[in-house]
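Taking it in order: structure first as structure tokens, then the write-up.
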There are 2 protein chains.
Amino acid sequence: MTSLPSGRRAPRGSLSAAATRRVERPAPLRQAVYDALLELIVNRTLAPGQHLVEAELAEYLGVSRQPVREALQRLQTDGWVDLRPAQGAFVHTPTEEEADQLLAVRSVLETYSAKLAAEHATAADVKLLRKLQKAGEEALVAANVERLVKANADLHAAVAAIGRNKVLSEMIGLVDRRVRWYYTPIARPRSRDSWNEHAELVAAIAEGDVERAGEVMHNHAEQTRQTYHDRKTSESSTDSD
Amino acid sequence: MTSLPSGRRAPRGSLSAAATRRVERPAPLRQAVYDALLELIVNRTLAPGQHLVEAELAEYLGVSRQPVREALQRLQTDGWVDLRPAQGAFVHTPTEEEADQLLAVRSVLETYSAKLAAEHATAADVKLLRKLQKAGEEALVAANVERLVKANADLHAAVAAIGRNKVLSEMIGLVDRRVRWYYTPIARPRSRDSWNEHAELVAAIAEGDVERAGEVMHNHAEQTRQTYHDRKTSESSTDSD
DNA sequence: CTACAGCTTTTCGTATGCAAAAAGCACTTC
DNA sequence: GAAGTGCTTTTTGCATACGAAAAGCTGTAG
């Protein structure tokens, strides 16, 4: 019994539905390329404005131009690169204006997401949120920026998932990743306040208080937005590593 | 290769007309393919669930498989087709649940869009809105469904543009097109009410009444959503052409 | 010394070719 | 007669090849 934990056992009888998902994937190469390039962009290896030559990327990643092309086009539709008509791909350069617009849209979407979460949250959902909240506060204590960023993303994603609106979740995912790209460099100073607000949000969702959850999330997002603007004025003064 | 007009016209005559700002488009073929396929999907030539074979589409459109591939992938990211790993592209089948989720998201985005519009609208903007409103009501009188749908799209797009948030406009564009795809068959019966609400919206924006504009747009979107649900219950009873 | 013109080089856009995986079908077997 | 198995066909996924357009450079003329 223990010798076949998840193997394919179908002598006769019922085949579990989970088995269909356990089948190995053929590993879509363009997806791997997409992930690789996105990682390179997010961690600034590929600088904004940089010209991305298909052949170079292909050689660097050890694949042909085709998967690279397809990945670049998807990166364009997701707003990570600009694909100029007959000139190639350039890493998107985020402007202050665009960042603010993204933060504004994120605020609206997240607020609605929080309301939905408060409306639909089950006991299990709340338990998950508390767990994520705890993970975030631990990362806060440990002053681990990477874990902090991930915990933040996980919590927001969980809230979106609880709302039971897949379209909304997908959109929030896209917007959040870009926002985080702009915002990561300054995420640290606001961490403490941010996680206090998260706690308040979780509490509101747990109580099923729709209006309060929306309000808390709105304030949370607007605070983030405000912090981003403040950075602009103080970016020349504060310079700690 | 069939006799398909490839759209490349001979450069002749004066250079003053088109040379104003954009010389001429280098004709990105994948974009043309994208538009063509999207049109075929929207007008139901390609039915939901249908398997799209790259080679067939390529021959039908008179191009190779490459641009078709790229167009299909972009269609996937925009939610029009489902691209199964090693199986090909299938026209996306909209479920009731997904349609409702899209309508919900649209409601949120459009409401915010209306608020922004009321905040930023200039005299020229209001003039444009009134012009679009008039075009819509004329189409309403003429009972021209096609013009009506276009007028509706134009008005909403104009409101979004006035808000001066490009990220938001782009998102609304995506969502609206898909919503319209689901909603078009039942757009007619609600037209009159819809345009009355539009008039109210334009008035609120003209006055710069942010809260009222948001409220009107919210009600407008929710009415649409409600109508969509009502259709489900009455789709078997009412059947007038 | 500067500006324009023509050429060269680079890079994208498209087409074609080939291998692998999945689906469909027919055959065999119980 | 039904189910399982192996093969064939179809279709995707990736790689490569070729043509075209744009950018950069060099040389020349003013």
Side-chain angles (χ1 to χ4, degrees), chain A residues 8-15 19-37 46 49-77 81-91, chain B residues 1-11 15 18-19 21-37 46 49-77 81-91:
Chain A
R8 161 171 58 116
R9 53 180 185 140
R12 59 179 176 271
S14 65
L15 52 97
T20 51
R21 293 187 61 179
R22 290 293 179 184
V23 182
E24 277 185 35
R25 297 185 182 180
L29 193 50
R30 71 199 133 157
Q31 180 64 33
V33 173
Y34 175 90
D35 293 336
L37 291 180
L46 299 176
Q50 184 172 344
H51 186 196
L52 302 181
V53 179
E54 294 178 359
E56 287 181 17
L57 298 176
E59 190 180 13
Y60 176 73
L61 296 173
V63 298
S64 78
R65 277 179 53 208
Q66 175 90 359
V68 173
R69 261 183 87 75
E70 296 176 352
L72 285 176
Q73 296 192 14
R74 198 173 140 207
L75 284 170
Q76 182 196 29
T77 65
V81 305
D82 297 320
L83 217 51
R84 296 175 60 179
Q87 196 172 349
F90 296 80
V91 179
Chain B
M1 299 177 185
T2 59
S3 57
L4 185 83
S6 57
R8 183 174 296 258
R9 59 180 65 181
L15 50 95
R21 182 164 176 170
R22 302 193 177 173
V23 273
E24 191 166 329
R25 301 193 177 180
L29 196 49
R30 72 200 130 158
Q31 181 65 33
V33 172
Y34 176 90
D35 293 336
L37 290 180
L46 299 176
Q50 183 172 344
H51 185 197
L52 302 181
V53 179
E54 293 178 1
E56 288 181 15
L57 298 176
E59 190 181 12
Y60 177 71
L61 296 174
V63 298
S64 78
R65 276 178 53 207
Q66 175 88 2
V68 173
R69 262 183 87 75
E70 297 177 352
L72 285 176
Q73 296 192 13
R74 198 174 141 210
L75 284 170
Q76 182 197 28
T77 65
V81 306
D82 297 321
L83 216 51
R84 297 174 60 179
Q87 195 172 350
F90 295 79
V91 179

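Hydrogens, waters and symmetry mates play no part in the numbers below; they use all other heavy atoms, side chains included.
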Integer-rounded Å distance: D:dG13 P and B:Q66 CD: 12 Å
d(CZ, A:F90; P, C:dT11) in whole Å: 11 Å
Sugar-phosphate only, base, or nothing, as touched by B:L72 at under 4.0 Å among non-hydrogen atoms: nothing
Minimum-distance nucleotide (side-chain atoms of B:V63 versus D:dC14, D:dG13, C:dA15): C:dA15
Nearest-angstrom distance from the residue atom CG of B:L57 to P of C:dA15: 14 Å
Protein-nucleotide distance (A:E70, atom CD; D:dC14, atom C1'), rounded to Å: 9 Å
Test side-chain contact (heavy atoms from CB on, under 4.5 Å) applied to B:R74 and B:T77, step by step: CA-CA 5 Å; B:R74 198 174 141 210; B:T77 65; 4.2 Å; yes
Rounded distance (Å) that lies between atom C1' of D:dG13 and atom OH of A:Y34: 20 Å
Atom pair distance, as rounded to whole Å: CG in B:L52 and C1' in D:dT11: 13 Å
Rounded distance in Å - CZ (A:R69) to C1' (D:dT16): 14 Å
Rounded distance in Å - CD (A:E54) to P (C:dT14): 11 Å
Most 5' of A:L83 and B:R65 on DNA chain C, judged by nearest nucleotide: A:L83
Given D:dA23, D:dT12, D:dA15, the nucleotide with the shortest approach to the side chain of A:Q87: D:dA23
Minimum side-chain heavy-atom gap A:E70-B:R69 below 4.5 Å: yes
Flag side-chain contact, heavy atom, 4.5 Å: B:R30 against A:Q73: yes
Passing option when A:L52 is tested against A:L75, A:L37, A:L46, A:L83 for side-chain contact (heavy atoms from CB on, under 4.5 Å): A:L46
